[in-house]
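Order of the sequence lines fixes the chain letters, A, B, ..., with proteins taken first and strands second; residue numbering starts at 1 for each chain. None of these values were measured; they are calculated from a predicted model.
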Amino acid sequence: MAKNLVIVESPAKAKTIEKFLGKDFKVESSFGHISDLPSKELGVDVEGDFNPKYEVSTDKKAVVKKLKDLAKKAEMVWLASDEDREGEAIAWHLAETLKLDKEKTKRIVFHEITKSAILKAIENPRGIDYDLVDAQQARRVLDRIVGYELSPVLWRKVKGGLSAGRVQSVSVRLIVEKERDIQGFSPVASYRIDAEFSNEDGQSFKAKLPKNFSTKEEAQKFLEKNAQADFKVADLQQKPAKKSPAAPFTTSTLQQEASRKLYFSVSKTMTMAQRLYEAGLITYMRTDSVNLSDEAKKGAEAEIRNAYGDKYSKSRNYKGKAKGAQEAHEAIRPTNFAVHSVDIDYDQARLYDLIWKRSIASQMSEAELERTNVKISASTHKETFTANGEVITFDGFLKVYLEGTDDEDLDEQDGMLPAMKTNETLLNSYITATERYTRPPARYTEASLVKKLEELGIGRPSTYAPTISTIQNRNYVEKGTIDGEERNYSQLKLQDGTVNDVTLSEKVGSDKGKLVPTDIGMIVTDFLVNHFESILDYSFTAKVEADFDEIAEGKEDWKKMMRSFYDNFHPIVEDVKENADRESGERILGEDPKTGKRVSVRLGKFGPMVQIGTVDDEEKPQFASLSPDQQLNSITFEEAMDLFQLPKNLGNFEDEEVVVNNGRFGPYVKFGDAYVSLPKGTDPLSVELDDAIVLIKEKQKADAPIYMYKDLPVQKGKGRFGPYIKWNNLFINVNKKYDWDNLTDDEIVELIEVKIQKEIDKVIHNWEEEGIRVEKARWGRHNVIKGKIKVELAKTVDVTEMTLEEAAKLIEAKTPKKKARKKAAPKKAAAKKTTTKKTTAKKK
DNA sequence: CAGTGAGCGAGCTTCCGCTTGACTT
């Protein structure tokens, strides 16, 4: 038995450290936090002294049990979680939960996973820093209070199931305000002047005028002035310049670069990085530090000298400037610089390549450039043209890597200019005046939102990716596709002494995959900004972070801070709950020509809707849902009225009615009992019977059984998780090993039989008569299942001895106790309701 | 999966950060 137990946060880290420490040390992982506030209640004593109620998280019970056993046997327990607020709290929760003996417990910290750093840490243990722990408790409790007090206000005043929080609500606000900036933007046109000249040797180059002309007339006049002009080099300046490499990657900059260069989503970047980390190829991927260990710098230097030569090497230190950075780790870098590339999964390899290059470049010398600025004067007017050239005289770090940019307006790269002398006569080949429009602000991408959040100090490396998923899952924001519009612009061209006018066209405003707010996102943001301005303030996090820092330094008591925050915040919550109007995004569009009743749109219980009439009318109002691609704030009266034509009966096909309608998942055609989705964005009113029949036939063909197995049909399709085959309600994913388009009968049988065996292996108990069974489930847990009802058990529950009575009891407890509400609503409806509920819950 | 929408009112929803990994259609 090892004498020492070391506890770190991540299992991959545990593995590495164990190698450094030898056989007297056993290194285990806590898998992050082990305790947290309960999810079903506030869990904070707001009346009293804000005492938090901590519980061991259900999925950590087994971990805690294991660590407890090991700790009992060890002579010394070393708490080695990260040296930041959260890490300190983890160490504290471990000490409390495992009931560690103070004499036998030591707290150690290190910022890099190197042998020397670990050994040094072991020699310099300390106790738990309770000030830092308190700072974490303040952070945790504040987030809980904000989230769990604001969300219910939204349920009452906007719509059920919504959520608000310090991070997510501000993220959505950023996107909403950006969208409004874009909507409110009106482009201004002006004329940009470009020219081409050639020197006495006949070598040509491009130049431009530093100013634009606001009208076509002025531009025309200017071009005409140049028709008879002589041109010469009025001024020529050459100066050396330097470019320095960017700092090594943090989580945020890695996400941005992977988005710009590899087109990865933020979550894809993190998944790929996690794999590389687990394979021991890179350092920890959730970090806000740009620091490299001495060992890493030496490794990079050796590799640079070896691969590129001594003059390419330059040791550099980088300073972090991110707000609220806690720097518990190194920057993201390869663990071994000698590994230039890795032969694994394609995307992992590409991400590794990016990390390797960025890290290596960060330790390389500057690139040296020669910049040339030329001013060109004309004999007939005072304006001067300019031409800029750039020549790389020593490539330095550029040999390896250049950081990408988000700037869309970037001029084409300055290239080389031909040799020229001051006063040299130049020949003009042409001058153009092109109508250019100012551009609206750019919408956020996932990665540029992360960048903005980091600048504001909002969120942490471990939460950037989840936050972006949350605001999309909550339907506040979506990745939109916006079709651009054609726009004409004119271009005047002076050539051979005459000015010609042409009209050209360009596509503007198209955007793909950018973050766009939904109706709900806008309504919720408006509501929160109106009533909780201080929480939605972009500097709210920065302000409370300053308080947390005071607490961490021991200068402020965390409970006092919470009291002053809460006494301010809570009365506002109560007041808004009581007095604020509902926020429904209502717009009145006009009057129904038939009845004269009011036509309005608003957010209803089930989403955006249009209604004719009001509740005060004698007759019940008519309702219709907006289609998924329509917005409350932009729908027109005509579009709204059209929605009442649905569902529309198109006629009959094979003796069945064909009906077109908008559903929860977009427009669809119903044919008998079968549903066929229409392509996204289709206007259901434009669909004719013939179109529908084509679609129905296609669908029938696609659904046609490809094989019969045990007298049951086998179908194939492509779902969210790739190609699959379906048999007897079993979905079987078909991986790349198989040719899904041309599956042979043998392969189909093989796939089905393997799946059946898997299903059988899952079952631990099966009481067929009662229809209750116990199955293996995710994360080493088990489920008790009866029909649609599923009870997920904690990891620690041993099910091998479970009896039917126990299982039935569990099912009983979970069975919805529904009173028979109305005679008209039979059991079927109730059953249906639970199913819908389940599927929506699963989706989240 | 493809309905509904007010009102009875019960019973549900929710946060941010630290981890990993089995599972969706």
Quiz item: Arg460(A) side-chain donor-acceptor pair to dC16(B) base, under 3.5 Å: no
Nearest-angstrom distance from the residue atom CE of Met285(A) to C1' of dG17(B): 14 Å
Partner residues of Thr525(A) under the side-chain contact (heavy atoms from CB on, under 4.5 Å) criterion, sequence neighbours left out: Val172(A), Arg173(A), Val176(A), Val529(A)
Just the atom pairs and distances: protein N or O near nucleotides 5-8 of chain B's N or O, under 3.5 Å.
| unit_1 | atom_1 | unit_2 | atom_2 | d |
| --- | --- | --- | --- | --- |
| dG5(B) | N1 | Ser625(A) | OG | 3.3 |

P atoms of dT25(B) and dA2(B), separation to the nearest Å: 15 Å
By side-chain contact (heavy atoms from CB on, under 4.5 Å) - contacts of Ser163(A) (at least two apart): Ser151(A), Gln168(A), Arg474(A), Tyr476(A)
Sequence-distant partners of Ser600(A), side-chain contact (heavy atoms from CB on, under 4.5 Å), two or more places apart: Glu586(A), Ile588(A), Arg598(A), Gln611(A)
Close approaches to DNA chain B from residues 8-17 of chain A, in residue order (heavy atom, under 4.0 Å): Glu9(A), Ser10(A), Pro11(A)
Backbone of Leu632(A) reached by a side-chain donor or acceptor of Asp519(A) within 3.5 Å: yes
Distance (rounded to the nearest 0.5 Å) between Ile523(A) CD1 and Arg582(A) CZ: 10.5 Å
Base-pairing string, 5' to 3', of DNA chain B - Watson-Crick or wobble, under 3.5 Å, | interstrand: .........................
Span that lies between the C1' atom of dT24(B) and that of dG3(B), in whole angstrom: 25 Å
Base dC16(B) paired with Arg144(A) side chain (donor-acceptor, <3.5 Å): no
Sugar-phosphate only, base, or nothing, as touched by Gly87(A) at under 4.0 Å among non-hydrogen atoms: nothing
